[in-house]
Amino acid sequence: MAVYTDVSDEELSDFLTRYDIGALVSCKGIAEGVENSNFLLGTETGRFILTLYEKRVNEGDLPFFLGLMDHLADRGINCPQPVRDRDGEALGRLAGRPATIVSFLDGMWVKRPEVSHCGQVGEALARLHKAGEGFSIRRRNGLGPDGWPPLYAGSADRADEVLTGLGGEVETELAFLQSNWPKDLPEGVIHADLFPDNVFFLKGQLSGLIDFYFACNDFLVYDLAICLNAWCFEPDGAFNITKGRAMLSGYTSGRPLTDAEMDALPVLCRGAALRFLLTRLYDWLMTPPGALVRKKDPLEYYKKLRFHRTATTASAYGLELAGSGA
Ligand SMILES: Nc1ncnc2c1ncn2[C@@H]1O[C@H](COP(=O)(O)OP(=O)(O)OP(=O)(O)O)[C@@H](O)[C@H]1O
Ligand SMILES: N[C@@H](CCO)C(=O)O
């Protein structure tokens, strides 16, 4: 459960006096999520989400995340909006942690995404990429190719505890990606973690996007590679090309891909799979027993990586390539 920091009723009521959102009526810790402590607040004026940023979020990045949510919301993306206190500050401090209050979004995430969900996520991702244009703050992707070797170093000597031979496979993949990572693709602000639990639907229609705390500047099509990984595989590990096709056509209906982006898709999908394999592997090995957080299976992403190694062109994901008849 993602409530790492306890907040007393007194501290919380005091904190809320800085805002114009009415007095506290209820406060409930939210079990989902792994990164930060989240609480659902009820006040006299409505519902809000209170987030206390935990150790993996760098405080210096918060102006990027909070500014980005404002920028996107101003451009029609339904995402949480930071609530400002009477001094105009979106970032406060509570129980010793940096803290913000953001608007509550209605909707539910889907545990078993269907083709229609994948198509809508593709469309929403293209809208998000366009809405991010003109955002003035930059943030490099700390979990991009340069970040993978140091991240892996933290679990390298224990990787084979998870699966015999996994360490060697990761090293081979790191070397391949270092040599084959594309250059000069269109860049912009990416979400970088648009998994099903970060997308809300209401009556089958995509209603909102949350959790911008991995957002950064990177290749736009890398975000699409992350979404293909997160949405288009079945629980048995098989890639569902119908879902892939729906996602890619949803995306390209809003933002066509360049030839270079299409060519790069299989390698970017490999990189995206490795990125989540590595963060999950680290957490799997390093989270102390008894910690409240639910660890996610690194091998799910190892299986996905193996699929991507068999993909030679973007048609493996359902993209129609000119002249391929695919
Ligand atoms: N603005 C919001 N409106 C409604 N619910 C929200 C909002 N923000 C967060 N939540 C709820 O809190 C849960 C956890 O939020 P979030 O995904 O941001 O946490 P996290 O710790 O960063 O998790 P992770 O990085 O693992 O996805 C969400 O699944 C959702 O149920
Ligand atoms: N979406 C990530 C966890 C949070 O960033 C994963 O499934 O590994």
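Bear in mind that the values here come from a model prediction, so they are computed numbers and not experimental data. Indexing begins at 1, ligand by ligand and atom by atom, following the structure's order.
- Residue N198 has at least one heavy-atom neighbour below 4.0 Å for each of these atoms of ligand 1: 17 (O), 27 (O).
- Each of the following atoms of ligand 1 lies closer than 4.0 Å to a heavy atom of P80: 1 (N).
- Here the side chains of L40 and I49 are in contact, with some heavy-atom distance below 4.5 Å.
- Side-chain N or O atoms of N78 include one that pairs as donor or acceptor with a backbone N or O of S207 at under 3.5 Å.
- The neighbour count for R138 CZ, taken as heavy atoms of other residues, nucleotides or ligands under 6.0 Å away, does not exceed 12.
- Protein heavy atom in closest approach to atom 29 (O) of ligand 1: E32 OE1, 3.5 Å.
- Nearest protein heavy-atom neighbour of atom 23 (O) of ligand 1: G33 CA, 3.1 Å.
- Cation-pi geometry between R275 and F214 is satisfied (NZ or CZ under 6.0 Å from the ring centre, within 45° of the ring normal).
- For atom 1 (N) of ligand 2, the nearest protein heavy atom (residue, atom name, distance) is D193 OD1, 2.7 Å.
- Below 3.5 Å of separation, one finds no N or O of R275 facing any N or O of ligand 2.
- Numbered from 1 in the order shown, with element, the atoms of ligand 1 that lie under 4.0 Å from a heavy atom of D197 read 27 (O), 29 (O).
- Geometric assessment of K111 against the ring of W109 yields a positive cation-pi assignment under the 6.0 Å and 45° thresholds.
- Interface atoms of ligand 1 facing F200, defined by a heavy-atom separation under 4.0 Å, are 4 (C), 5 (N), 30 (C).
- Note on ring orientation: taking the six-membered ring where Trp is involved, the planes of H308 and F233 are perpendicular (angle over 60°, cut-offs 30° and 60°).
- Nearest protein heavy-atom contact of atom 26 (O) of ligand 1 is V34 N, 2.9 Å.
- F212 and F65 have their aromatic ring centers separated by at least 6.0 angstrom.
- For a threshold of 3.5 Å applied to N or O pairs, the pair formed by Y213 and ligand 1 contains no separation below that value.
- Residues R306 and E169 are not paired through a salt bridge, judged by the lack of any N-O separation under 4.0 Å between the basic side chain and the carboxylate.
- Interface atoms of ligand 1 facing I30, defined by a heavy-atom separation under 4.0 Å, are 11 (C), 12 (O), 13 (C).
- Of all protein heavy atoms, the one closest to atom 8 (O) of ligand 2 is R280 NE, 2.8 Å.
- Rounded to the nearest 0.5 angstrom, L16 CG and I101 CD1 are separated by 5.0 Å.
- Taking atom 25 (O) of ligand 1 as the reference point, the nearest protein heavy-atom neighbour is D211 OD2, 2.9 Å.
- Judged by distance alone, the side chain of S155 and the main-chain N or O of L281 form no donor-acceptor pair under 3.5 Å.
- Of the protein's heavy atoms, I210 CD1, 3.8 Å lies nearest to atom 9 (C) of ligand 1.
- The protein non-hydrogen atom at the shortest distance from atom 3 (C) of ligand 2 is K296 NZ, 3.8 Å.
- Counting atoms of ligand 2 from 1 in the listed order, those under 4.0 Å from a heavy atom of F195 are 1 (N), 6 (C), 7 (O).
- Between G107 and ligand 1 there is no heavy-atom distance shorter than 4.0 Å.
- Counting only heavy atoms of the protein, atom 7 (C) of ligand 1 lies nearest to I49 CG1, 3.4 Å.
- Against a heavy-atom cut-off of under 4.0 Å, S103 is close to the following atoms of ligand 1: 1 (N), 2 (C).
- Between E300 and R280 there is a salt bridge, with a side-chain nitrogen of the basic residue lying less than 4.0 Å from a carboxylate oxygen of the acidic one.
- Side-chain contact check for N240 and E234: at least one donor-acceptor pair (N or O, by modelled atom type) lies under 3.5 Å.
- Note on ligand 2: Y301 sits outside its first shell, no heavy atom being nearer than 4.0 Å.
- Any N or O atom pair closer than 3.5 Å counts here, and N38 shares at least one such pair with ligand 1.
- Going from atom CZ of F201 over to atom CD of E114 covers 10.0 Å, rounded to the nearest 0.5 Å.
- Applying the 4.0 Å criterion to heavy atoms of L105 picks out, from ligand 1, the atoms 1 (N), 2 (C), 3 (N), 4 (C).
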